J.: 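Next up is a structure, given as structure tokens.
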Number of protein chains: 2
Amino acid sequence: MVKSKSQNPLEKLLNQISGPWTMYILCVLDKNGSLRFGDLRRQVEGISPKVLTDRLRMLEAIGIVHRDYNPTIPPQVSYALTDRGKELSQPLYQLYDLATQWYGEVIEEDGVQTPHTPSAF
Amino acid sequence: MVKSKSQNPLEKLLNQISGPWTMYILCVLDKNGSLRFGDLRRQVEGISPKVLTDRLRMLEAIGIVHRDYNPTIPPQVSYALTDRGKELSQPLYQLYDLATQWYGEVIEEDGVQTPHTPSAF
DNA sequence: CGGTATCCGTGTTGATACTG
DNA sequence: CAGTATCAACACGGATACCG
């Protein structure tokens, strides 16, 4: 997401979970538990398959998301948060609270529904 | 840092505080309390004035950093964290802990000293 | 001292079309 | 269904040089 010097672990993590779509994807996964690629794509309205794949691969690489591949025909692949992924929720809640305090409520754009999930984000 | 759709407050905040230098700057300010532009620049070794200004303006805009301008000759401008900025430390600590657990300790690069401040980050 | 102006390189996003 | 391939657009980072 940025190569950047002086990359401490925190900065690295922040670089990874920030940027377009990523948080939104985590949010949707947190809310729904486990979703297949297509469903995920439908929930994250407007994302292109390429970008969704990129984000999922990245999240998988850092152990935040688990990819479950079933080589049936047609193939079924589903994604869910790992334990690490769920651990993230805790501190993110607090950041979310601060962010909401500061910026106020979500501003909807071009039809993308922002979740407002009470139990997560 | 990215224009991005589906920008909820959390995503917005994360987008802003992540990216090169930003966390490092916050960290240095948290450690030192208040610094003049030149001192800050010296502490954040390798940053260009443009980028430092960009980050500071951004952090100021979201109320995380306070800019104190003294029109003396030569002018003196110092920067410090606002209360909001200090509030951020709390949740960031937790993220820092997770990040450190996951990625292990800091890897030093090209002479930039990563702070390891015990009291902050 | 504390910046701004300008410019370039590059990474990353994102559409669209196609495939096993 | 679950992606890859390809390509264009663009913002962003960063270097250098200059200004009040």
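Order of the sequence lines sets the chain letters (A, B, ...), proteins ahead of strands, with each chain counted from 1. Atoms considered below: every heavy atom in the structure, side chains included; atoms not considered: hydrogens, waters and symmetry mates. Just so we're clear, the structure is a prediction, and the values are computed from it rather than from any experiment.
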J.: Can you measure from CG (A/L13) to CE (B/M23) and round to the nearest 0.5 angstrom?
T.: 10.5 Å

J.: Establish, from distance only, whether the side-chain atoms of A/T22 and A/R55 form a donor-acceptor pair under 3.5 Å.
T.: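 The answer is yes; a qualifying pair exists.
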
J.: In whole angstrom, give the distance that lies between atom CG of B/L56 and atom P of D/dG13.
T.: 14 Å

J.: Write down the distance between OH (A/Y24) and P (C/dG14), rounded to a whole number of angstrom.
T.: 14 Å

J.: So how far is it from A/K31 NZ to A/L81 CG, rounded to the nearest 0.5 Å?
T.: 13.0 Å

J.: For the atom pair CZ (A/R84) and CG (A/L88), what is the distance rounded to the nearest 0.5 Å?
T.: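 Rounded to the nearest 0.5 Å, the CZ-CG separation comes to 9.5 Å.
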
J.: For B/D54 and for A/P49, locate the closest nucleotide of DNA chain D by heavy-atom distance; then report the residue assigned to the nucleotide nearer the 5' terminus.
T.: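 So the residue in question is A/P49.
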
J.: Whole-Å distance between D/dC12 C1' and B/Q16 CD?
T.: 15 Å

J.: Is the shortest side-chain N/O distance from A/R57 to OP1 or OP2 of D/dT4 below 4.0 Å?
T.: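 Looking at the OP1 and OP2 atoms of D/dT4, one of them is under 4.0 Å from a side-chain N or O of A/R57.
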
J.: How long is the line joining CG of B/L35 and P of C/dG3, in whole Å?
T.: 13 Å

J.: Report the distance from atom CG of B/D39 to atom P of C/dC1, rounded to the nearest whole Å.
T.: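 From B/D39 CG to C/dC1 P: 9 Å.
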
J.: How long is the line joining CD of B/Q76 and C1' of C/dG2, in whole Å?
T.: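 About 11 Å, once rounded to whole Å.
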
J.: Is the distance from OP1 or OP2 of C/dC1 to the nearest side-chain N or O of B/R41 less than 4.0 Å?
T.: no

J.: Does the pair B/R57/B/D54 count as a salt bridge with the N-to-O cut at 4.0 Å?
T.: no

J.: Identify whether any heavy atom of A/V77 sits under 4.0 Å from a base atom; if not, whether one sits that close to sugar-phosphate; answer base, sugar-phosphate or nothing.
T.: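 Sugar-phosphate only.
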
J.: Could you give the CG-to-C1' distance, from A/N15 to D/dC12, as a whole number of Å?
T.: 13 Å

J.: I want to verify a distance call: between D/dT6, D/dA15, D/dC1, whose nearest atom is closest to the A/K50 side chain?
T.: D/dT6

J.: With sugar-phosphate meaning primed atoms plus P, OP1 and OP2, does B/Y79 contact a base, only sugar-phosphate, or nothing at under 4.0 Å between heavy atoms?
T.: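 Sugar-phosphate contact only.
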
J.: Can you tell me if B/W21 touches the phosphate of D/dG14, counting only side-chain N or O atoms and a distance under 4.0 Å to OP1 or OP2?
T.: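 It does, given that an N or O in the side chain of B/W21 lies less than 4.0 Å from OP1 or OP2 of D/dG14.
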
J.: Using a cut-off of strictly less than 4.0 Å, decide whether A/R67 has a side-chain nitrogen or oxygen near OP1 or OP2 of D/dG3.
T.: yes

J.: Taking atom P of C/dT19 as reference, at what distance in whole Å does atom CZ of A/F37 sit?
T.: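 In whole Å, C/dT19 P lies 18 Å from A/F37 CZ.
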
J.: Would you mind telling me which of D/dG14, D/dG3, C/dG2 lies closest to the side-chain atoms of B/P75?
T.: C/dG2

J.: Check this one for me: any side-chain N or O of A/R36 less than 4.0 Å away from OP1 or OP2 of D/dA2?
T.: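 Yes, because at least one side-chain N or O of A/R36 sits under 4.0 Å from OP1 or OP2 of D/dA2.
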
J.: Side chain of A/S48, heavy atoms from C-beta onward: which of C/dA15, D/dC1, D/dG14 has the nearest atom to it?
T.: C/dA15

J.: Looking at the side chain of B/T53, which of D/dG13, C/dG3, C/dT13 is the nearest nucleotide?
T.: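 Shortest atom-to-atom distance from the side chain points to C/dG3.
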
